[in-house]
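Taking it in order: structure first as structure tokens, then the write-up.
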Amino acid sequence: MQLEFPIAETPDDATREAARKLFVGDEVDFVKGVVAMDGLPPDDRPEVCFAGRSNVGKSSLINALTGRKALARASNTPGRTQEINYFTLGAEKYLVDLPGYGYANAPLPVVEKWQRLLKQYLSGRATLKRAFVLVDFRHGVKAVDEEIMSLLDRSAVPFQVVLTKQDKVKKWDQDKVLTQVRAALNKHPAAYPELVVTSSEKGDGIPTLRAIIASLT
């Protein structure tokens with residue numbers, strides 16, 4: 001059976017406001033960067049993670065969600081982020097920014113180290129409630145995205161696709177990309193059957209993504 005993967009609806013005003021407070025409070029902050037599994041914070045709360053190709057806009061999305069322009073450090077150099085970066089969402093949750101994948105310019109030993117850490121985290125973090133796989137709306141699902149999705153399938157970690165940079169895609173091209181993304185996701189049993197479409201620059205989809213993350217316990 002083919003799933004439709006509809007675009008997630010905008011939350012109502014009460015849900016939207018409750019989720020906004022989770023993301024913009026005083027207790028939203030950078031915790032630490034982790035380079036090995038033994039450096040992870042205690043698994044004492046639910047967490048969600050963002051995974052995506054280098055330059056997909058993870059840092060920009062985190063900054064848009066939190067309303068903080070420099071909470072996550074964006075870089076013009078793909079593959080610059082080499083750590084698992086932890087952020088607090090109040091006292092309730094962790095938001096985790098994973099190293100970008102699919103980079104071409106990093107030395108091979110560095111790439112292998114990042115890939116190993118990424119796989120260890122995705123396979124072994126019991127408090128991980130959902131992975132959000134960020135996909136550039138301009139390009140759709142690439143082979144390297146499929147690799148991460150397959151890893152999540154094998155690890156039984158539910159994941160949800162977040163399309164980024166909606167404002168960069170002409171309206172008449174969006175349906176074509178959505179068709180490709182939906183076809184790709186139908187091959188992955190761990191895929192959550194709903195898409196989130198965002199633009200960090202315009203703010204589109206930000207309240208929706210906040211509400212989804214706030215609802216995960």
Side-chain angles (χ1 to χ4, degrees), residues 23 28-63 65-66 71-75 77-104 106-136 141-162 164 185 188-192 196 209 212-217:
F23 277 87
V28 175
D29 208 353
F30 175 72
V31 179
K32 65 187 300 190
V34 177
V35 296
M37 289 293 286
D38 59 7
L40 295 178
D43 53 354
D44 58 357
R45 67 189 74 180
E47 60 192 61
V48 299
C49 70
F50 284 179
R53 299 195 306 273
S54 295
N55 214 26
V56 75
K58 284 194 286 96
S59 296
S60 297
L61 184 60
I62 290 170
N63 291 336
L65 287 166
T66 60
L71 181 64
R73 292 169 293 178
S75 171
T77 305
R80 187 87 174 266
T81 302
Q82 302 178 26
E83 302 173 334
I84 295 177
N85 289 313
Y86 267 77
F87 302 87
T88 51
L89 294 178
E92 300 177 27
K93 292 182 174 69
Y94 284 128
L95 175 62
V96 185
D97 181 15
L98 299 180
Y101 54 80
Y103 28 77
L108 183 59
V110 175
V111 172
E112 291 175 345
K113 180 182 177 182
W114 296 347
Q115 289 175 337
R116 188 162 56 248
L117 179 60
L118 191 66
K119 290 176 181 178
Q120 287 173 337
Y121 170 79
L122 292 175
S123 301
R125 190 65 169 171
T127 48
L128 178 60
K129 297 301 180 181
R130 187 174 300 176
F132 291 91
V133 178
L134 276 55
V135 171
D136 191 322
V141 174
K142 297 292 189 181
V144 69
D145 298 314
E146 295 267 18
E147 291 177 16
I148 293 297
M149 292 174 186
S150 294
L151 172 62
L152 292 163
D153 289 336
R154 294 193 298 271
S155 304
V157 175
F159 71 86
Q160 186 165 7
V161 162
V162 177
T164 63
L185 290 179
H188 294 282
Y192 187 82
V196 185
L209 184 54
I212 291 169
I213 293 172
S215 71
L216 297 172
T217 57

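Contact check for V161 versus L134: no side-chain heavy atoms found under the 4.5 Å cut-off. By the 4.5 Å heavy-atom criterion applied to side chains, V141 and E146 are counted as neighbours. The side-chain heavy atoms of L95 and T88, taken from C-beta on, include no pair separated by under 4.5 Å. Side-chain atoms of K93 and V48, non-hydrogen and from C-beta on, never get closer than 4.5 Å to each other. Inter-residue side-chain proximity for N85 and F50 is flagged as unmet; no heavy-atom pair is nearer than 4.5 Å.
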field: Worked check of side-chain contact (heavy atoms from CB on, under 4.5 Å) between I84 and L98
entry: CA-CA 5 Å; I84 295 177; L98 299 180; 4.0 Å; yes

task: May I have the step-by-step check of side-chain contact (heavy atoms from CB on, under 4.5 Å) for F87 and V31, ending in yes or no?
output: CA-CA 5 Å; F87 302 87; V31 179; 5.6 Å; no

- prompt: Would V196 and Q160 count as a side-chain contact (heavy atoms from CB on, under 4.5 Å) if you check the C-alpha gap in whole Å, the side-chain angles of each, and the deciding distance to 0.1 Å?
  reply: CA-CA 8 Å; V196 185; Q160 186 165 7; 3.6 Å; yes

- prompt: Can you check side-chain contact (heavy atoms from CB on, under 4.5 Å) on L185 and M149, steps first, answer last?
  reply: CA-CA 9 Å; L185 290 179; M149 292 174 186; 3.9 Å; yes

Mind listing the side-chain donor-acceptor pairs of residues 34-45 below 3.5 Å, one per line with the distance, residues two or more places apart or on another chain?
none

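Legend: residues meeting ring-ring contact (aromatic ring centres under 6.0 Å, His included) with Y94, ordered by chain and number and at least two apart, are Y86. Residues that satisfy the ring-ring contact (aromatic ring centres under 6.0 Å, His included) test with F159, not counting sequence neighbours, are absent from this structure. With sequence neighbours left out, D153 forms a salt bridge (charged side-chain N to carboxylate O under 4.0 Å, His left out) with no residue at all. Applying the salt bridge (charged side-chain N to carboxylate O under 4.0 Å, His left out) rule to E92 yields no partners; only residues at least two apart in sequence or on another chain are considered. Residues forming a side chain to side chain contact (heavy atoms under 4.5 Å, CB included) with K142 (at least two apart in sequence, or on another chain): R53, H139, V144, D145. With sequence neighbours excluded, no residue forms a side-chain hydrogen bond (donor to acceptor under 3.5 Å, both in side chains) with T66. In terms of the side-chain hydrogen bond (donor to acceptor under 3.5 Å, both in side chains) criterion, residue partners of S123 (sequence neighbours excluded) are, by chain and number, S155. Partners of F23 by ring-ring contact (aromatic ring centres under 6.0 Å, His included), not counting sequence neighbours: none found. Residues forming a ring-ring contact (aromatic ring centres under 6.0 Å, His included) with Y192 (at least two apart in sequence, or on another chain): none. Legend: residues meeting side-chain hydrogen bond (donor to acceptor under 3.5 Å, both in side chains) with Q120, ordered by chain and number and at least two apart, are absent. In this structure, the salt bridge (charged side-chain N to carboxylate O under 4.0 Å, His left out) partners of R125, at least two apart in sequence or on a different chain, are E47.
In this structure, CG on D136 lies 4.5 Å from OG1 on T164, to the nearest 0.5 angstrom. In this structure, the separation between CD on E83 and CG on L117 is 9.5 Å, given to the nearest 0.5 Å. Rounded to the nearest 0.5 Å, atoms CG (L209) and CD1 (I62) are 10.0 Å apart.
Of the possible donor and acceptor atoms, none in the side chain of K129 sits under 3.5 Å from a partner among the backbone N and O of C49. With hydrogens and angles ignored, the 3.5 Å screen pairs no side-chain donor or acceptor of S60 with any backbone N or O of G57.
The minimum heavy-atom distance between V28 and G90, with the atom names listed, is CG2-N, 4.2 Å.
The side-chain contact (heavy atoms from CB on, under 4.5 Å) test with V162 is passed by exactly one of V135, I212, L61: L61.
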